[in-house]
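Have a look at the structure below before the remarks.
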Amino acid sequence: MKATIFGRFAKVLVPSLLLAGILYGQENSDKEISKEKQCVLDYLSQSTVVEKFGKISDAIWSYAELGLQEFKSSALLIETLEAEGFTVEKGLAGMPTCFVATYGSGKPVVGILAEYDALPMISQKARCPKQAPLIEGAPGHGCGHNLMGTAVSAAAIAVKKAVETHSIKGTIKVFGSPAEEMLVSRPYMVRAGLFNGVDVVINNHTDSGFSTSYGVRGNALFSVVYSFTGKTAHSAAGPWGGRSALDAVEIMNVSTNYLREHLHYTYRMHYVILEGGEAPNVVPDRASVWYFLRNTDERLENMYQRVWNCAKGAALATGTELSQVRVLAAIHQSHANKTLAELMYENIKLVGMPEWTDAEHEFARSLQRELGKEEKGMPKEVGKLGKPAAVFTGGASSDHGDVTLIAPTATIRFPGIVPGAIGHHWSNVTCNYGSSAWKGLNAGAKAMAATAIDLLTLPEELQKIRQEFEDYSKEHPYKSFLPEDAQPPLDINEELMKKYRPLMEEYYSDN
Ligand SMILES: [Zn+2]
């Protein structure tokens with residue numbers, strides 16, 4: 001018998017409720033809608049289409065594949081796009097799970113960014129308002145990338161239908177971008193020239209609200225593994241003969257924690273120890289620590305050098321060698337285009353917030369209660385157009401930052417996550433499957449498709465977006481933070497997926 005992935009709220013997933021078309025058709029009808037835009041909205045409102053993409057998203061949720069191990073997830077999206085006539089190039093920029101799917105021809109070229117990787121350690125049952133791992137310690141979709149990759153595919157296919165039906169000129173490209181949770185793929189994709197000739201890019205992310213924003217957001221980042229090599233010895237009989245690589249890691253961490261006081265407050269810095277010996281009675285001769293170093297574009301490289309000095313100091317103090325400094329990823333802040341964000345925002349208002357059922361509000365309140373948050377249920381209205389913060393205080397990162405400096409880009413944040421659910425946490429994983437997740441993905445797909453239609457059919461709008469970008473680029477020319485010899489870390493999640501995949505297979509929702 002098939003294992004169940006649900007918690008006790010499984011009853012909210014009654015498909016007939018989901019397929020009531022009315023729950024998806026919230027378009028604000030007092031605006032004039034072009035026939036091309038109506039075409040994408042009509043396609044995405046069909047109950048069979050809603051169900052098709054909902055099931056794809058649920059399947060990717062159940063695969064919960066970590067960065068650069070998204071073999072099943074990327075294959076499912078590729079298969080879906082190929083079946084609709086997209087030409088798909090696979091295994092790009094040195095990453096087997098990276099792809100670009102193209103439909104149409106000539107200018108303008110509109111890109112949409114798709115993500116599909118999961119996060120380690122946060123396995124959780126679907127739509128269950130209490131912590132209940134499906135498999136203890138296994139990965140889970142705690143950022144909704146299962147919905148994002150799927151929403152992008154749905155949007156692109158809707159645009160393809162309109163291009164075909166209404167003979168629209170131009171090209172739509174889906175950028176299948178692996179390992180966003182590790183901030184890896186986009187600089188490598190830019191370096192490989194995949195964005196050459198792309199006029200404008202639509203990015204997206206799951207959220208509790210429905211909105212977009214412009215200006216500089218998030219932190220730039222270096223993801224770096226520092227490895228130390230020492231000498232083994234008997235820890236009791238002859239420790240003086242050994243040199244502990246673990247000591248070097250510990251001293252490095254002490255140093256960086258003292259460094260915090262003297263970093264500008266925009267920074268974030270966090271680490272995990274990857275390797276620290278295997279038994280106390282053997283002095284560890286190998287140890288390594290993985291850091292995420294985050295700061296503004298202007299401050300990042302200086303911070304990176306200072307942390308590197310902490311590593312060198314630790315090696316000197318312990319008589320070990322700093323044997324490798326391996327940069328896994330290096331990315332810029334996100335610089336979102338204002339004119340594009342304004343255009344997206346009009347389409348977000350047009351699509352409107354999905355109408356949630358009583359069961360969905362009740363699930364939201366249960367989760368909010370469990371988390372000690374205000375029990376306000378699901379949101380009722382779309383959010384405001386986000387402006388840059390008056391004072392930037394730092395925050396999370398996204399590797400689409402590099403793309404924003406290559407082509408005008410902005411991000412549609414689409415709903416579905418219960419307000420108050422926590423990012424990279426079981427409470428987020430539990431929201432990203434079924435019911436309200438399907439509605440959020442559908443709303444996101446509609447807003448993306450409608451925006452793409454505007455970009456393909458309103459040349460004067462695209463011209464304004466491009467002009468803003470050209471002006472901005474003069475002040476902010478793109479230069480990758482990636483060292484020239486850096487390569488995508490294909491190995492980084494191999495062991496974890498080898499351990500968990502066989503246990504997870506039982507719960508795949510496409511079984
Ligand atoms: Zn994310």
Side-chain angles (χ1 to χ4, degrees), residues 57 60-61 63-70 73-74 77 95 97-98 112-124 139-153 155 174-187 189 201-213 217-221 223 268 270 292 294 328-329 331-334 336 383 386 394-404 409-433 436-437 440-441 443-445 447-448 492-493:
S57 170
I60 296 174
W61 182 95
Y63 305 152
E65 294 175 302
L66 296 170
L68 297 166
Q69 300 293 313
E70 315 98 326
S73 308
S74 60
L77 296 176
M95 295 173 280
T97 54
C98 173
I112 320 187
L113 303 179
E115 301 170 10
Y116 29 82
D117 62 324
L119 288 154
M121 303 186 289
I122 52 174
S123 171
Q124 166 71 15
H141 270 288
C143 206
H145 293 190
N146 58 308
L147 293 154
M148 291 154 58
T150 311
V152 167
S153 305
V174 173
F175 289 90
S177 316
E180 197 285 331
E181 300 293 9
M182 297 195 304
L183 299 315
V184 165
S185 63
R186 259 61 78 106
M189 293 167 74
V201 175
I202 299 169
N203 187 41
N204 66 106
H205 207 286
T206 56
D207 204 293
S208 52
F210 198 6
S211 66
T212 182
S213 60
R217 295 211 164 217
N219 266 328
L221 163 144
S223 163
R268 298 284 189 280
H270 21 269
F292 275 13
R294 312 192 201 227
L328 306 185
I331 63 157
H332 282 267
Q333 290 180 279
S334 160
S397 314
S398 165
D399 66 309
H400 89 278
D402 283 49
V403 179
T404 66
T409 306
T411 300
I412 289 175
R413 302 192 74 90
F414 64 82
I417 292 171
V418 169
I422 301 161
H424 298 195
H425 184 262
W426 66 264
S427 60
N428 192 298
V429 181
T430 205
C431 298
N432 290 327
Y433 187 102
S436 42
L441 118 62
M448 284 191 269
I492 198 85
N493 287 317

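Note that ligands are numbered from 1 as they come in the structure, with each ligand's atoms numbered from 1 the same way.
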Review point. Sequence neighbours excluded, which residues qualify as ring-ring contact (aromatic ring centres under 6.0 Å, His included) partners of F210?
Key: none

Exercise for review: Take R413 and N204, measure what side chain to side chain contact (heavy atoms under 4.5 Å, CB included) needs, and give me the verdict at the end.
Suggested key: CA-CA 6 Å; R413 302 192 74 90; N204 66 106; over 6 Å; no

Point to revise | Distance (rounded to the nearest 0.5 Å) between E180 CD and L119 CG | key: 9.0 Å

Check your understanding: S123 versus V429: any side-chain heavy-atom pair under 4.5 Å?
Key -> no

Study note, to complete from the structure: If you count every protein N, O or S atom closer than 2.8 Å to the Zn ion (ligand 1), you should arrive at 3

**Study point:** Of S185, S223, P187, the residue whose pairing with I331 passes side-chain contact (heavy atoms from CB on, under 4.5 Å)
**Key:** P187

Exercise for review: Report yes if the side chains of N146 and Y433 come closer than 4.5 Å at any heavy-atom pair, otherwise no.
Suggested key: no

